[in-house]
Protein chains: 2
Amino acid sequence: MQKYEAAAKLFRILGEPMRLAILDMLSCGELCACDILERLTISQSTLSHHMRVLQQAGIVMARKDATWVYYTINPKIVPDLHNILDDIILPKKNCICEGVKLEDNK
Amino acid sequence: MQKYEAAAKLFRILGEPMRLAILDMLSCGELCACDILERLTISQSTLSHHMRVLQQAGIVMARKDATWVYYTINPKIVPDLHNILDDIILPKKNCICEGVKLEDNK
DNA sequence: AATAAATATTGACATGTATCGATGAATGTT
DNA sequence: AACATTCATCGATACATGTCAATATTTATT
């Protein structure tokens with residue numbers, strides 16, 4: 001299972017409407033937290049939580065300037081996500097469907 | 001927010017290691033529930049739960065034959081998922097980053 | 001009809017996490 | 001030095017859901 005946990009974690013992070021809204025906003029380019037907060041109906045602490053999650057997952061990058069923090073989407077994450085999805089869902093060589101039993105610690 | 005809920009739901013469903021393992025197994029082709037169960041260390045009821053979730057989301061399709069149920073990945077879901085991701089994370093026209101405020105009921 | 005096998009459903013429980021208000025920390029301004 | 005602004009952290013709460021055992025349902029077999 002361990003094999004799938006990293007991928008699952010990424011998908012789980014994308015599995016929240018608020019975070020998708022934030023990523024949609026960032027898709028055009030850099031925004032500071034206050035810009036994002038202005039367009040959402042969530043508390044500042046909730047936004048801060050989401051930005052931390054997105055950052056730690058490597059989905060967004062942060063740049064601090066004085067009291068502001070500016071966020072951008074990590075461009076590398078886009079092909080990464082596509083590849084992660086394809087590696088699981090598309091036919092491939094040495095696939096687990098060929099027979100091995102999966103234990104919880106694998 | 002409603003705008004992102006469908007996409008978030010799909011990602012959330014992909015956000016479980018067990019379901020990714022199941023999809024990985026199905027990536028080569030059709031398997032029945034008992035085949036999948038044989039290679040995982042989860043209970044039968046848990047597997048049944050996951051298959052129902054994957055089915056209702058349109059990610060896998062089910063075919064019943066006597067007492068067996070055979071599952072396949074819905075091939076349409078693959079490009080769909082890529083498009084959903086790109087529609088959010090890549091730059092685009094008429095993007096919400098251009099200014100509108102998002103209410104919870106949107 | 002009785003039994004067996006494959007899958008679904010139900011109810012209970014534990015865990016994870018989104019959310020908030022309150023507060024703290026860092027930086028800039030007066 | 002005092003204050004304001006921006007963001008982070010903490011503690012509490014509510015809700016969603018993964019998991020299981022037990023049971024039901026469906027179909028085939030004897």
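Note that these values count all heavy atoms, side chains included, but never hydrogens, waters or copies made by symmetry.
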message = One pair to check against side chain to side chain contact (heavy atoms under 4.5 Å, CB included): B:Leu26 and B:Ile36. What are the steps and the verdict?
response = CA-CA 9 Å; B:Leu26 290 175; B:Ile36 299 170; 4.2 Å; yes

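For the pair A:Ser45 and A:Trp68, both in contact range of DNA chain C, the more 5′-proximal nearest nucleotide belongs to A:Ser45. Between A:Thr46 and A:Thr67, the residue anchored closer to the 5' end of DNA chain D is A:Thr67, taking for each the nucleotide with the nearest heavy atom. Of the residues near DNA chain C, A:Ala66 and A:Gln44, the one whose nearest nucleotide (by heavy atom distance) lies more toward the 5' end is A:Gln44.
With a cutoff of under 4.0 Å to any heavy atom of chain B, the contacted region of DNA chain C is bounded 5' to 3' by C:dA6 to C:dT9. Between chain A and DNA chain D, the heavy-atom contact criterion of under 4.0 Å yields a 5' to 3' nucleotide range of D:dT6 to D:dT9.
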Considering only distance and modelled atom types, tabulate donor-acceptor pairs under 3.5 Å from the side chains of residues 74-82 of chain A, sequence neighbours left out.
{"residue": "A:Asn74", "atom": "OD1", "partner": "A:Lys76", "partner atom": "N", "Å": "3.0"}
{"residue": "A:Asn74", "atom": "ND2", "partner": "A:Gly58", "partner atom": "O", "Å": "3.0"}
{"residue": "A:His82", "atom": "ND1", "partner": "B:His82", "partner atom": "ND1", "Å": "2.3"}
{"residue": "A:His82", "atom": "NE2", "partner": "B:Asp86", "partner atom": "OD1", "Å": "2.7"}

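Between A:Met61 and A:Gln55, the closest side-chain pair of non-hydrogen atoms is not below 4.5 Å. Taking the side chain as every heavy atom from C-beta outward, B:Ile73 and B:Leu23 approach each other to under 4.5 Å. Contact annotation: the side chain of B:Phe11 never approaches that of A:Leu10 to less than 4.5 Å [non-hydrogen atoms, C-beta and beyond]. No side-chain heavy atom of B:Val53 sits less than 4.5 Å from a side-chain heavy atom of B:Ile59. For the pair B:Ile22 and B:Leu40, the minimum side-chain heavy-atom distance is below 4.5 Å. Within the 4.5 Å cutoff, no side-chain heavy atoms of A:Tyr71 are placed close to those of A:Cys32. You'll find the side chain of B:Met51 stays beyond 4.5 Å of the side chain of B:Val69, heavy atoms only. A 4.5 Å side-chain heavy-atom check between B:Leu14 and A:Leu85 finds at least one atom pair inside the cut-off.
Listed in residue order, the members of residues 47-60 of chain B having a heavy atom less than 4.0 Å from DNA chain D are B:His49, B:His50. If you check residues 9-17 of chain B against DNA chain C, you find no residue with a heavy atom closer than 4.0 Å.
For residues 8-35 of chain A, the side-chain hydrogen bond (donor to acceptor under 3.5 Å, both in side chains) pairs, not counting sequence neighbours, are A:Arg19-A:His50, A:Asp24-B:Tyr4, A:Asp24-B:Lys92, A:Ser27-B:Lys92, A:Glu30-A:Arg63.
Within 4.0 Å of B:Tyr70, counting heavy atoms only, lies no atom of the nucleic acid at all.
Considering B:Thr46, B:Ile42, B:Leu47 in turn, B:Ile42 is the only one that fulfils the side chain to side chain contact (heavy atoms under 4.5 Å, CB included) rule with B:Met18.
By the criterion of side-chain heavy atoms lying less than 4.5 angstrom apart, applied directly or through intervening Ile, Leu, Val, Met, Phe, Trp or Tyr residues, A:Leu54 is not grouped with A:Trp68; the two fall into different hydrophobic clusters.
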